[in-house]
Amino acid sequence: MEPFTGEMKRTHYCGAITTEDVGKTVTLCGWVHRRRDHGGLIFVDLRDREGFVQVVFNPQVNREAHEKAEKLRSEFVISVRGRVERRPEGTENPSIPTGEVEILAEKLSILNESKPVPFPLEDETDVAENVRLKYRYLDLRRPSMQRVMITRHQVTRATRDYFYENGFLEIETPFLTKSTPEGARDYLVPSRVNPGAFYALPQSPQLFKQILMVSGYDRYFQIVRCFRDEDLRADRQPEFTQIDVEMSFVDREDIFETMEGLMEKIFRDVLGVSVNRPFRRMPYRQAMDLYGSDKPDLRFGMEITDITEEVKGSDFNVFNRVIESGGVVRALVAPQMAGISRSKIDELTEVASIGGAKGLAYFKVEEGGLSSPIAKFFGENHLKAIQEKTGAEAGDMIFIVADTWEVVCDSLGRLRLHLGRELNLIDEGRYEFLWVIDFPLLEYDEEEKRFVAMHHPFTSPVPDDIPLLDEDPLRVRAQAYDLVLNGSEVGGGSIRIHQRALQEKMFSLLNISEEEARVKFGFLLDALQYGAPPHGGIAFGLDRLVMIIAGVDSIRDVIPFPKTQKAVCLMSGAPSPVGKEQLKELHIKLDL
RNA sequence: GGGGUCGUAGUUAAGCCUGGUUAUAACGCCGGCCUGUCGAGCCGGAGGCCGCGGGUUCGAAUCCCGUCGACCCCGCCA
């Protein structure tokens, strides 16, 4: 080990050396990626965040450097000074960016050694994820991980640039804030100086950004961490990052225009892709009807067809009972799948059953018509009508689910996605944006026996629907919108309620008492009395957006230090027990 | 809370169904040789609580029960 002196400080990044640099003496700092020791000659691939370059230790160039290089091992940290040379003819390596050049080492400093690493630091890795997470500092050293983190940086940079250019103010909101009902479970932080009281980490800065509008800041954005104590998934972490936006004196169109501009800039700056504007729009109801999802993947077609009318009057009682009780019968055509096996059908039935379907009926489309174990219950006119309505052609398979509207949508939606992937109908290079609009304002929660807000309680109803709040609350549409990209919800927002009376009415519809509203949201209700401007906004899930842009399947691959499914950090060991003294200071007794 | 997949040298896997001498391979690691390699090559070597605990058996990596952990999914996530 040697001191790091000025003469060995970096002049270039390894990955940035080009034929332009031939003849120059450069100093490189980095990690030994690989060493190939020929006894006489030693080759070292030296790596830094920009890439790697071959360093040649030749005793005839410098004996001392060559002798030292014999000690080098993987992941040693070194500084090398030497001349950039074009590689001798026939030894170029066209498979790497710096393959035409090499560094003839004249001086080597070993700045630090490394134990043998627990797994190879290669781009392609099949190492178990728990090993990667335990040694995250090594995992993050892998070039593919560094590329993703750089991509993430580019996305946040493009975002900041865009909002700065468009007159938005970047303002911070508290992390130690107040627990609110509705929504996800809160992460709580005990207050030492207020025994028995707790802060909550924000699920989002929702109320604060609305307050900022009341305060006249007009256009706000923040790239901000949010916390939700719910179970994890491939695209869900307990702490995640939102691009949070709020604007005053705007309607939905202004938000769409501004946010499409943001997406356009991000995709241009980061991927060099130009996106088609304006983005498509689709009412929630239509998305559910056609794609069985409120976040449809529009990279492929395969739309769902309603055949409730077409099957009426058959002898098939399963369908008849569903229709009598107000349900629907709908079909999905799987192209050229008529020949699939019984076990394949079982597998697809399983997929549909996740959505609640109690069975999956099917018709094989043959030259002469439809065939199926249940075909005997249908007249020739029924079968013909089904085939015509679905547009199925010979060789196709028609899958049918009959149930409540919700179950049919969910089941066929899942089946559609499953088949889309399996039949390779999804063009991975495409980016299909979609605004889903006209969400219902409310849903009925069977468990709690009350209405709950579909988006959140501060979402404004569509003005025309306000009279319905009393007559038929479930039919009230919200001024809410989601941005969907390739079947993933990447953002959601709404025009907010800016009048106290309407906000109070909303709380009462949600069965939140006046008393409770005052305690939980009093500050918002108060603020709305003092000149609150009309306003609205949106929040994007930065992590999900980066997942799509970087083309990775796990949210853990776009977060430098993620948690496992049990919300544990395998590197630091968090969460962990704390000492008695610490608990006592916080006035907390454990009950385990 | 529930369903599923997985857990064997540092890493990735085989062996497990059908129990039987010393648990197999590749990569990595250590030593030697080697001046144009880039997954360098050749020769030699070390390395295992078969996740953990219990049971069945003359005998368990292998069969059974439990448990822990990682991952995927359902519920949950305004």
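Note that the structure is predicted; figures quoted are calculated from it, not measured. Numbers restart at 1 for each chain; the letters A, B, ... are given by sequence-line order, proteins then strands.
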Open item on the list: So, OP1 or OP2 of B:C72: does either fall under 4.0 Å of a side-chain N or O from A:Arg556?
Closed with: yes
TODO: Any strand is fair game: report the nucleotide pairing with B:C38 by Watson-Crick or G-U wobble, both distances under 3.5 Å, or none.
DONE: none
- [ ] Identify the nucleotide, in any strand shown, that forms a Watson-Crick or G-U wobble pair with B:A70, with both distances under 3.5 Å; if there is none, say none.
- [x] B:U5
TODO: Report which part of the nucleic acid A:Arg233 touches: base, sugar-phosphate, or nothing (heavy-atom distance under 4.0 Å, all strands).
DONE: base
Task: Most 5' of A:Asp410 and A:Ala128 on RNA chain B, judged by nearest nucleotide - done: A:Ala128
TODO: Just call it for A:Gln60: base, sugar-phosphate, or nothing, with non-hydrogen atoms closer than 4.0 Å on any strand.
DONE: base
Task: Length of the line joining A:Arg228:CZ and B:C77:P, which is rounded to integer Å - done: 10 Å
Task: Touch class at under 4.0 angstrom, heavy-atom based, for A:Pro457 against every strand present - done: base
- [ ] Name the pairing partner of B:C58, where a pair is Watson-Crick or G-U wobble with both distances under 3.5 Å, or state none.
- [x] B:G20
Task: Partner nucleotide, any strand, of B:A25 [Watson-Crick/G-U, under 3.5 Å] - done: B:U12
- [ ] Select base, sugar-phosphate, or nothing to describe what A:Val452 touches, counting heavy atoms under 4.0 Å on all strands.
- [x] nothing
- [ ] Ignoring hydrogens and angles, tell me if any N or O in the side chain of A:Asp465 forms a donor-acceptor pair with the backbone of A:Arg477 under 3.5 Å.
- [x] yes
Task: Distance between P atoms of B:U21 and B:G32 (Å, rounded) - done: 38 Å
TODO: Give A:Glu102 one of three labels, base, sugar-phosphate or nothing, depending on what nucleic acid heavy atoms sit under 4.0 Å from its own.
DONE: base
Open item on the list: Among A:Arg496, A:Gln222, A:His535, exactly one meets side chain to side chain contact (heavy atoms under 4.5 Å, CB included) together with A:Lys209. Which residue is that?
Closed with: A:Arg496
Open item on the list: Less than 6.0 angstrom separating the ring centers of A:Phe521 and A:Phe458, yes or no?
Closed with: yes
Open item on the list: Would you call the rings of A:Phe451 and A:Tyr444 parallel, tilted or perpendicular, taking 30° and 60° as the class edges?
Closed with: perpendicular
Task: A:Tyr291 side chain to A:Gly413 backbone, donor-acceptor under 3.5 Å - done: no
TODO: Verify the contact: side-chain N or O of A:Arg36 to OP1 or OP2 of B:U37, cut-off strictly under 4.0 Å; return yes or no.
DONE: no
Open item on the list: At 4.0 Å (heavy atoms only), tell me whether A:Arg34 reaches a base, stays on the sugar-phosphate, or touches nothing.
Closed with: sugar-phosphate
Open item on the list: Over all strands shown, is A:Glu92 touching base, sugar-phosphate only, or nothing at heavy-atom distances under 4.0 angstrom?
Closed with: base
Open item on the list: Measuring to OP1 and OP2 of B:C74, would you say a side-chain N or O of A:Arg414 lies under 4.0 angstrom away?
Closed with: yes
Task: Distance below 4.0 Å between A:Lys566 side-chain N/O and B:A70 OP1 or OP2 - done: no
Open item on the list: Categorize A:Glu129 for me: base, sugar-phosphate, or nothing, with a 4.0 angstrom heavy-atom threshold over every strand shown.
Closed with: sugar-phosphate
Open item on the list: Regarding A:Asp229, tell me which of base, sugar-phosphate or nothing describes its non-hydrogen contacts under 4.0 Å with the strands shown.
Closed with: nothing
TODO: To the nearest Å, give me how far apart CG (A:Asp557) and P (B:C71) are.
DONE: 12 Å
- [ ] Give one of base, sugar-phosphate or nothing for A:Ser204, where a contact means two heavy atoms less than 4.0 Å apart.
- [x] base
Open item on the list: Mind checking if A:Asp231 touches a base, just sugar-phosphate, or nothing, with heavy atoms under 4.0 Å?
Closed with: base
Open item on the list: If you compare every side-chain N and O of A:Arg132 against the phosphate oxygens of B:A70 (OP1, OP2), does one of them come in below 4.0 Å?
Closed with: no
TODO: Check every strand shown and say whether A:Thr91 touches a base, only sugar-phosphate, or nothing at a heavy-atom separation below 4.0 Å.
DONE: base
TODO: In whole angstrom, give the distance that lies between atom CG of A:Asp186 and atom C1' of B:C77.
DONE: 12 Å
TODO: Give a yes or no on whether the ring-centroid distance for A:Phe256 and A:Trp435 is below 6.0 angstrom.
DONE: yes
